[in-house]
Amino acid sequence: MKGVTVRQAEDRDLTLILEIYNEAVLNSTATFDTEPRTMDAHREWAQQFQPPFVLLVAEQAGQIVGWACLHPFGAKPGYRYTTEDSVYVRSDRRAGGVGRLLLQALVEYGRTAGFRTIIARIAGDNPASVRLHQSLGFARIGLEREVGYKFGRWLDVVVMQRMLSEANEAPA
Ligand SMILES: CC(C)(COP(=O)(O)OP(=O)(O)OC[C@H]1O[C@@H](n2cnc3c(N)ncnc32)[C@H](O)[C@@H]1OP(=O)(O)O)[C@@H](O)C(=O)NCCC(=O)NCCS
């Protein structure tokens, strides 16, 4: 995409990442958080992004227009080759290819980092996110029915998955 670059997030990006996230908390069912996240909680959340996990930002003309991350799937050591993704694009920049650029970068990073597979848990009725993940090779593998409740509605979670290495290939 013209003029949009993806790079690893730095401390100075945390405020704008939080702004994008909290807009989605208040106005969408993309996340089951119901109250805006505080800066203190956000800083704590950001500490999980030590390798092999990663927090990326999409930047255009010095502005953060989206962010995406690979975070732990499960705390138990047997899950260490599996990761889960999140992608958030600034509301005025959606449907313009930024999400695709970010998810593509996550898939490449995830493969290089040695993950076996990426899971996406897509909350609410979110055709944009389902389409985004489909277009990057994620397959729908399940549906958790009515596990969320927000804005007075019961909400499903669609589970999607992308494999990153071949069957029977041992971890690096
Ligand atoms: C979901 C989200 C990350 C997608 O990013 P985006 O930059 O808007 O999407 P892109 O422009 O890169 O489009 C990616 C694909 O989704 C499709 N898409 C985009 N917006 C869509 C919409 N509103 N409805 C249906 N499909 C849509 C595009 O056509 C494209 O498909 P293609 O590759 O087959 O052409 C973004 O809309 C967003 O931040 N939404 C709010 C937060 C959120 O829902 N995050 C995901 C949590 S799981």
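Counting starts at 1 for both ligands and their atoms, in listed order.
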Run the contact test for Ser86 against ligand 1 with a 4.0 Å cut-off on heavy atoms, strictly below, and give the result.
-> no

Numbered atoms of ligand 1 (with element) below 4.0 Å of Ala95, judged on heavy atoms | 6 (P), 7 (O), 8 (O), 11 (O), 20 (N)

Test item: protein heavy atom less than 4.0 Å from atom 10 (P) of ligand 1 | yes

Report yes or no: does Lys150 contribute a side-chain atom to a donor-acceptor pair with the main-chain N or O of Ser28 at less than 3.5 Å?
-> yes

N/O separation below 3.5 Å, Arg131 to ligand 1 | yes

Does the N or O separation between His133 and ligand 1 drop below 3.5 Å for any pair?
-> no

Tell me whether the centres of the aromatic rings in Phe53 and Tyr109 are closer together than 6.0 Å.
-> no

Non-hydrogen protein atom less than 4.0 angstrom from atom 33 (O) of ligand 1 | yes

Within a distance under 4.0 Å of any heavy atom of Ala30, pick out the atoms of ligand 1 and give their elements.
-> 42 (C), 43 (C), 44 (O)

What atoms in ligand 1 come closer than 4.0 Å to a heavy atom of Gly96?
-> 11 (O)

What atoms in ligand 1 come closer than 4.0 Å to a heavy atom of Tyr88?
-> 39 (O), 42 (C)

With heavy atoms of Gly97 as the reference, note each atom of ligand 1 found under 4.0 Å away.
-> 10 (P), 11 (O), 12 (O)

Give a yes/no verdict on whether any heavy atom in Ala24 is under 4.0 Å from an atom of ligand 1.
-> no

Selected option - heavy-atom contact closest to atom 14 (C) of ligand 1, from Leu132, Thr31, Leu136, Val25 | Leu132

For ligand 1, which part of Val89 has a heavy atom less than 4.0 Å away: the side chain, the backbone, both, or neither?
-> both

Numbered atoms of ligand 1 (with element) below 4.0 Å of Arg100, judged on heavy atoms | 12 (O), 33 (O)

Nearest heavy atom to atom 3 (C) of ligand 1, choosing from Val87, Val158, Leu102, Val157, belongs to Val87

Would you mind telling me if ligand 1 is within reach of the side chain of Ser135, the backbone, both or neither, using heavy atoms under 4.0 Å?
-> side chain

Considering residues, nucleotides and ligands other than Phe32, do more than 12 of their heavy atoms fall under 6.0 Å from its CZ?
-> yes

Does the separation of the ring centres of Tyr79 and Phe73 fall below 6.0 angstrom?
-> yes

